[in-house]
Amino acid sequence: MKSLKSIKNWTLTKSLKNNNFSFKRNYVLKFVPSLLLTNAYKSISSWKNYKPTPLLKLDKLQKNLKLKNVFYKDESKRFHLKSFKALGGAYAVEKISKGKKNIIISSATAGNHGRSVAWGAKRLGLKCKIFVSQYVSDTRVKEIKKFGAEVIRVKGDYENSLNECKKLSKKNNWKIVQDVSTKDYKLVPQLTMAGYSIMIKEISKQTNQYITHIFLQAGVGGMAAGVVTGVAKYFKRIPKIIIVEPDRADCVLQSIKHNKLKKIKIKKESIMGGMSCNEMSYIPWQILKKTSNCCVSVSDRNIAKTVAMLKDKKLSKNSIIGGECSAPGIISLVGVCNNTKIKKIIELNENSNVLVIGCEGNADVKLYKQLLSKGRK
Ligand SMILES: Cc1ncc(COP(=O)(O)O)c(C=O)c1O
């Protein structure tokens with residue numbers, strides 16, 4: 001098992017300062033209105049088994065990096081879905097179905113969103129069809145089926161599964177619950193982001209320290225933008241927002257760099273499966289292009305090591321179950337601390353209260369076991 005000393009060599013692949021940064025609460029809440037956030041919290045906090053997820057401290061890491069605090073929001077404890085995604089898709093299903101029992105819900109997914117939608121449909125006794133690409137693991141498919149959904153495998157990538165979902169849903173009058181927004185598809189993604197904002201509502205009650213920096217993992221940017229809406233509504237002070245992506249799928253970084261939505265080519269899928277996306281969602285783009293201070297990307301290299309370090313109490317007193325998408329927040333925080341220039345730009349220092357999001361636990365049990373054993377070598 002690697003000791004904490006080895007993190008001295010961890011690097012970012014890319015970093016980019018956002019020259020168009022201008023965080024305005026009103027601007028953010030124009031895209032996901034404040035009332036939507038209030039309603040999401042009211043509904044979700046009344047669900048059976050609702051409990052705020054723990055806000056832990058990575059005390060050994062914060063000492064090593066000479067920061068005041070490193071908080072870790074542990075979404076592995078989110079209901080029994082083991083991921084923040086439980087807050088999005090399932091909530092959108094509830095809002096879209098409006099109490100009707102005779103509708104069929106559909107969605108395309110890389111894994112966790114589909115689980116959330118399937119779980120949301122099951123909670124309400126609705127039938128559900130989930131479309132997945134050939135790249136979604138059998139373990140993830142099994143997890144979706146556990147909630148009674150029919151899973152339809154589609155040849156090719158995520159985009160193919162989404163197209164097939166749209167085609168069959170139109171033909172059969174199924175209600176699509178998709179977390180990705182376009183210019184013409186906004187309500188469901190807005191509801192999803194409103195659901196994600198609960199993480200910030202909870203944190204605002206879990207600590208009286210002002211958070212100064214948030215590292216936010218991004219795929220299409222839904223989670224990051226959802227958290228930013230929460231910051232705009234619930235936090236008294238606006239922290240610095242750092243967007244984190246796999247270097248093989250840096251569509252947010254590229255969009256911010258060119259100041260327009262950029263579609264990128266993914267040559268090889270990252271191990272950070274949920275974050276391996278080639279294009280941003282429309283509303284997250286509108287939000288993040290103004291509110292992110294900086295974008296960074298990291299390779300797959302230290303994912304397994306970080307998963308093992310979390311589990312083996314190298315970063316904190318507690319043992320933490322963090323999956324492949326939880327690790328990059330920590331890796332990029334370390335990468336920034338090892339990079340004097342970027343560290344200075346975002347004013348990260350001994351007075352900083354950093355928040356990283358532990359987006360998921362062992363949502364894919366098989367992959368988690370593999371990463372853990374690789375990371376311990
Ligand atoms: C498990 C998981 N899936 C997906 C994502 C990406 O979310 P989004 O596509 O909303 O940016 C993340 C985090 O960024 C994640 O942790």
Side-chain angles (χ1 to χ4, degrees), residues 32 53 72-76 78 81-89 91-92 107-117 132 135-137 139-140 143-144 158-159 162 177-181 188-197 199 214-230 241-246 249-253 255 266 269-285 287-288 292 295-298 303 306-307 310 321-332 356-365 367-368 371:
V32 186
T53 52
Y72 180 95
K73 185 70 170 158
D74 183 8
E75 291 297 306
S76 73
R78 187 61 74 180
L81 289 201
K82 307 176 189 170
S83 149
F84 74 93
K85 292 252 165 180
L87 298 168
Y91 174 60
S107 187
T109 184
N112 285 340
H113 170 67
R115 267 185 94 199
S116 180
V117 169
V132 298
Y135 300 111
V136 174
S137 75
T139 323
R140 290 206 184 247
E143 293 289 334
I144 296 169
Y158 169 78
E159 218 159 320
L162 179 59
V177 175
Q178 218 48 57
D179 56 349
V180 182
S181 67
V188 172
Q190 281 173 321
L191 294 169
T192 311
M193 285 181 263
Y196 297 158
S197 74
M199 289 187 273
I214 313 185
F215 285 72
L216 289 171
Q217 293 89 316
V220 301
M223 185 202 80
V227 166
V228 166
T229 63
I241 303 291
I242 300 101
I243 303 295
V244 178
E245 290 176 286
D250 60 350
C251 63
V252 180
L253 188 148
S255 297
I266 297 177
E269 292 290 328
S270 161
I271 192 82
M272 300 165 247
M275 298 167 64
S276 188
C277 301
N278 67 348
E279 191 178 15
M280 287 185 76
S281 176
Y282 180 72
I283 296 179
W285 162 241
I287 294 176
L288 298 179
S292 52
C295 297
V296 300
S297 65
V298 293
I303 297 289
T306 308
V307 166
L310 281 167
I321 300 177
E324 65 279 8
C325 288
S326 289
I330 295 167
I331 297 168
S332 49
V356 292
I357 310 283
C359 312
E360 63 175 351
N362 56 348
D364 184 334
V365 178
L367 177 60
Y368 179 79
L371 290 172

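Here, residue 1 is the first one in the sequence, and each next residue gets the next number. Start at 1 and go down the list; that is how both ligands and their atoms are numbered.
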Worksheet item: Rounded to the nearest 0.5 Å, how far does CG of L87 lie from CZ of R78?
Response: 4.0 Å
Worksheet item: Have S181 and S281 got a donor and an acceptor in their side chains that come within less than 3.5 Å?
Response: yes
Worksheet item: Nearest 0.5 Å, what's the SG-CG distance between C295 and L253?
Response: 5.0 Å
Discussion item. For T192 and D179, which I'm curious about, is there any donor-acceptor pair between the side chains at under 3.5 Å?
Written reply: no
Fill in: Distance-only donor-acceptor check, side chains T53 and E75, under 3.5 Å
yes
Worksheet item: Do side-chain atoms of R115 reach the backbone of L81 as a donor and acceptor pair under 3.5 angstrom?
Response: yes
As a test of reading the model: which N/O atoms of the protein lie under 3.5 Å from N/O atoms of ligand 1, and at what distance?
residue, atom, partner, partner atom, Å
ligand 1, 9 (O), V220, N, 3.0
ligand 1, 10 (O), G222, N, 3.1
ligand 1, 10 (O), M223, N, 2.9
ligand 1, 11 (O), G219, N, 2.7
ligand 1, 11 (O), V220, N, 3.2
ligand 1, 11 (O), G221, N, 2.8
ligand 1, 11 (O), G222, N, 3.3
ligand 1, 14 (O), Q217, O, 3.1

